[in-house]
Amino acid sequence: MPQDIFGQSIKYIKGVGEARAKLLSRLGLFTLSDALNYFPREYEDRTTLKRISELVDGEECSIKGNLVSEAAETRPRRNLTITKALVTDGSAFLSLTWFNQGYIKNSLKVGEEYVFFGRIKRTGMRMEMHNPVMEKAENQGKSTGRILPVYPLTKGITQTHVRNLVENALAQAQGKYQETLPNTLRQAYKLCEISFSYEQIHFPKSLAHMAEARKRLVFEELLLLQLGLFKMKGTSSAQKGLRFGEVDMEPLLKELPFSLTDAQQRTFEEIKADMESDKRMNRLVQGDVGSGKTIIAVMALYKAVKNGYQGAFMVPTEILAEQHYQSIAPLLEKLGVSVRLLTGSMKKKAKEEVKELVRNGYVDILVGTHAVLEDDAIFANLGLVVTDEQHRFGVRQRARLSIKGENPDLLVMTATPIPRTLSLVLYGDLDVSVIDTLPPNRKPIKTYAVDESMRQRIYDFIRKQVAEGRQAYIVCPLVEDSEEIEAESAEGLAERIRDQELAGLRVGLIHGKMKAQEKEATMRAYVDGQLDVLVSTTVIEVGVNVPNATLMVIENAERFGLAQLHQLRGRVGRGAHQSYCILFNQSKSAISKQRMEIMTKSNDGFVISEKDLELRGPGDVFGVRQHGLPEFRIANLYRDMDILKEVQGAVKDILDRNLLETPEYQLLKARLQRFFEVKFKELSLN
Ligand code: ADP
Ligand code: MG
């Protein structure tokens, strides 16, 4: 197999050598294959000629013209040589100006015809072209008259360096590519050949060729990722699962102090249909913070239990496990459903007891953290697994969970405002339900970004809210004071405000380094209204529900991501009272200011995530990072939604028909194996 030449060090490519190779390594380029897969950021279209009379200030373009006058050189000061020449194409005259490119003079001859490419500048009434690249009209084609790629660069590496590198890499690779996409697949989805793709993505003959090449490469990248995810999970798209029967939900709904919103109802209908079919349920419920996902989980679990199965309710933090347990156990036990809690920090004996009960089928619903995943937590008859705040679990964890029991149905919930396109990739096998409205009578949270000068007024505001019977959170980026990082710490701040600014109020402290029992006791005191203010780290980020809390103060807000700020803000505004979020921004940077502005202007997680993306650029999508998925080389999930849909169709077909086991797919299968080994090695387990 010709793989070896593609794995060859970049330093053997013509024109590279040791020194340049070292510089190129900064761009992540080590092998010939890396060079081929270093895709252009954009293109410079030098194919269309413009008439000089039609030139516009500021544009970059090509013109073809005859040299009218001998090139003239001036040296206005030391270190500056200006070369000027005049050309015409019959429509008008254009003056050309080169700075410090004295050698140009010798290659220009009066009367000859040339093609020039460069940026147009207007000075007064005259048009000029600055520092044009040029070729004789009769042998143009290397640097004019074609579409040239524009690559991301690093210090010491010029555009020309990379262009030459890629050109030579392409020459070396010619005829040695291995086509891993089967012909039938390429025909079905109109995908061009691999050699054509590489050549045309770098040096396209036309923009249409480039688009064709790009489509194939994007398709290929998304296909590998999606197949990889499926392979890792060891599931196929339509697995047989349990078939649950109809259950009367009235007894449960009667116990609720509210009625379901339309969005909640629709979501449950979708879940119900999945559970009652013999296809295994694999559903993602996406709903912004506070949209009411918990009750949906409870309803599905209730349905499973009334069908004689056990259910597991998995959450990422102990605080959240405890809270869900506290809120759902009383409700469900009234209806004859037994609920138990299992978390990692419980005493060994208590854990054993719970596990024993689960094993013998005495527990209907087990609420818990990762501990539930431990191998010996065996269920007697597991029918449904719900994971709340799915984005906090790694992909692998989900895989591991799904093998427990006899193909239990899976329901995953997330508030992370991952843009929908992204969620489709991440959960390619998941059907998605969206809870897109909040329960009625919620007042939008008022958000303010403030600086240090407002501190006293904020503390006054906290006192005012507390006097009205409400509660507040103060979130800090650090647990304890640090020598290196200048930011508020939860311990430091709690101590200070207890003695000084908020003396007289009941101030609690909670953070990840505390013992589980302490955390639990503090959280319970806060829920019961025995604390006015809870100083915390991001341990309260997900899921915590204290509807009486109306004020969220975030210290050093500049240190948090927008998605995280949105989650934290979602801890308030969960009841009927007007809620507020105060962002202390200690940074003077423009970008920080912009980010705070996004938060103050929008309460919509979806809008926030899209803006976040704009600010960070697509390579940095927080969703991708959080999930530990590889960054995309060429696919852009916003632009390439159409291709993604096609890929999903292809993946479904490949899995349904088991095509990976056919001879035609062997090369793709082998490639998948390699891709999978390299890219998924560091998938997060946190
Ligand atoms: P999240 O989607 O963030 O998990 P929760 O399920 O914690 O949201 O719900 C937030 C709050 O809204 C809870 O106090 C819950 O009791 C309440 N709630 C849920 N559904 C409704 C509804 N249809 N009408 C009124 N309140 C609701
Ligand atoms: Mg929740």
Side-chain angles (χ1 to χ4, degrees), residues 249-250 252-269 271 283-302 313-332 367-369 386-393 411-418 423 432-445 470-471 473 523 526-529 538-550 552 563-579 581 603-606 608:
M249 303 303 288
E250 263 322 296
L252 173 60
L253 295 176
K254 262 202 343 242
E255 295 294 329
L256 302 178
F258 50 76
S259 49
L260 298 182
T261 62
D262 289 351
Q264 284 172 319
Q265 241 153 29
R266 181 173 17 87
T267 298
F268 186 69
E269 282 306 314
I271 291 169
R283 184 167 290 276
L284 171 75
V285 174
Q286 196 177 335
D288 210 343
V289 281
S291 62
K293 294 184 293 296
T294 315
I295 186 60
I296 298 296
V298 171
M299 288 170 72
L301 289 164
Y302 180 77
F313 195 4
M314 300 279 316
V315 299
T317 67
E318 302 215 335
I319 291 176
L320 191 51
E322 171 78 17
Q323 185 195 290
H324 276 341
Y325 176 71
Q326 295 294 338
S327 66
I328 72 173
L331 175 66
L332 288 170
V367 180
T369 53
V386 182
T387 56
D388 196 11
E389 308 296 347
Q390 166 65 25
H391 59 285
R392 285 297 203 87
F393 291 94
L411 186 62
V412 300
M413 327 239 264
T414 183
T416 303
I418 18 177
S423 71
V432 181
S433 294
V434 183
I435 306 183
D436 50 8
T437 50
L438 296 180
N441 302 326
R442 290 279 174 78
K443 300 189 182 74
I445 302 164
R470 305 284 82 78
Q471 290 163 284
Y473 294 98
M523 206 58 221
Y526 190 67
V527 172
D528 292 345
T538 53
V539 290
I540 56 135
E541 179 185 335
V542 290
V544 172
N545 185 39
V546 182
N548 190 49
T550 53
M552 166 62 66
Q564 214 175 9
L565 289 175
H566 182 63
Q567 280 279 348
L568 287 167
R569 177 168 63 182
R571 295 313 113 218
V572 298
R574 301 173 83 83
H577 303 286
Q578 176 64 53
S579 290
C581 174
N603 260 311
D604 182 330
F606 197 85
I608 290 170

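Both counts, for ligands and for their atoms, begin at 1 and track the order of listing.
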Taking Leu411 as the fixed residue, which of Val386, Leu301, Thr387, Asp388 is the one that meets the side chain to side chain contact (heavy atoms under 4.5 Å, CB included) rule?
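The option that passes is Val386.
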Region of Thr294 that comes within reach of ligand 1 [heavy atoms, distance under 4.0 Å]
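Near ligand 1, Thr294 shows its backbone as well as its side chain.
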Heavy-atom distances under 4.0 Å are what count here, so tell me which part of Asp388 touches ligand 1: side chain, backbone, both or neither.
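For Asp388, there is no contact with ligand 1 at all, from either part.
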Sub-4.0 Å heavy-atom contact, Gly287 with ligand 1:
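Judged by the 4.0 Å heavy-atom criterion, Gly287 does not count as contacting ligand 1.
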Any Ser259 heavy atom less than 4.0 Å to ligand 1
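It does; at least one heavy atom falls under 4.0 Å.
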Judged on heavy-atom distance to atom 25 (C) of ligand 1, which of Gly570, Gly573, Pro439 sits nearest?
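Result: the heavy atom closest to atom 25 (C) of ligand 1 is in Pro439.
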Nearest candidate to atom 17 (C) of ligand 1, where distance is taken over non-hydrogen atoms, out of Gln264, Arg442, Arg574, Gln567:
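Heavy atom nearest to atom 17 (C) of ligand 1 belongs to Arg442.
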Between Arg442 and Pro439, what is the shortest heavy-atom contact and its length?
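Shortest heavy-atom contact: CG-O, 3.2 Å.
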Parallel under 30°, tilted from 30 to 60°, perpendicular over 60°: which one fits the rings of Tyr473 and Tyr526?
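Because their plane-to-plane angle lies in the 30° to 60° range, the rings of Tyr473 and Tyr526 count as tilted.
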For ligand 1, which atoms have a heavy atom of [X] less than 4.0 angstrom away?
X: Val289; value: 3 (O)
X: Leu260; value: 23 (N)
X: Thr261; value: 23 (N)

Are the side chain of [X] and the backbone of [Y] linked by a donor-acceptor contact shorter than 3.5 Å?
X: Gln323; Y: Glu318; result: no
X: Asn545; Y: Arg574; result: no
X: Lys293; Y: Gly287; result: yes

Could you check whether atom CG of Asp528 has more than 12 heavy atoms from other residues, nucleotides or ligands sitting under 6.0 Å from it?
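Yes, the 6.0 Å shell around CG holds more than 12 heavy atoms from other groups.
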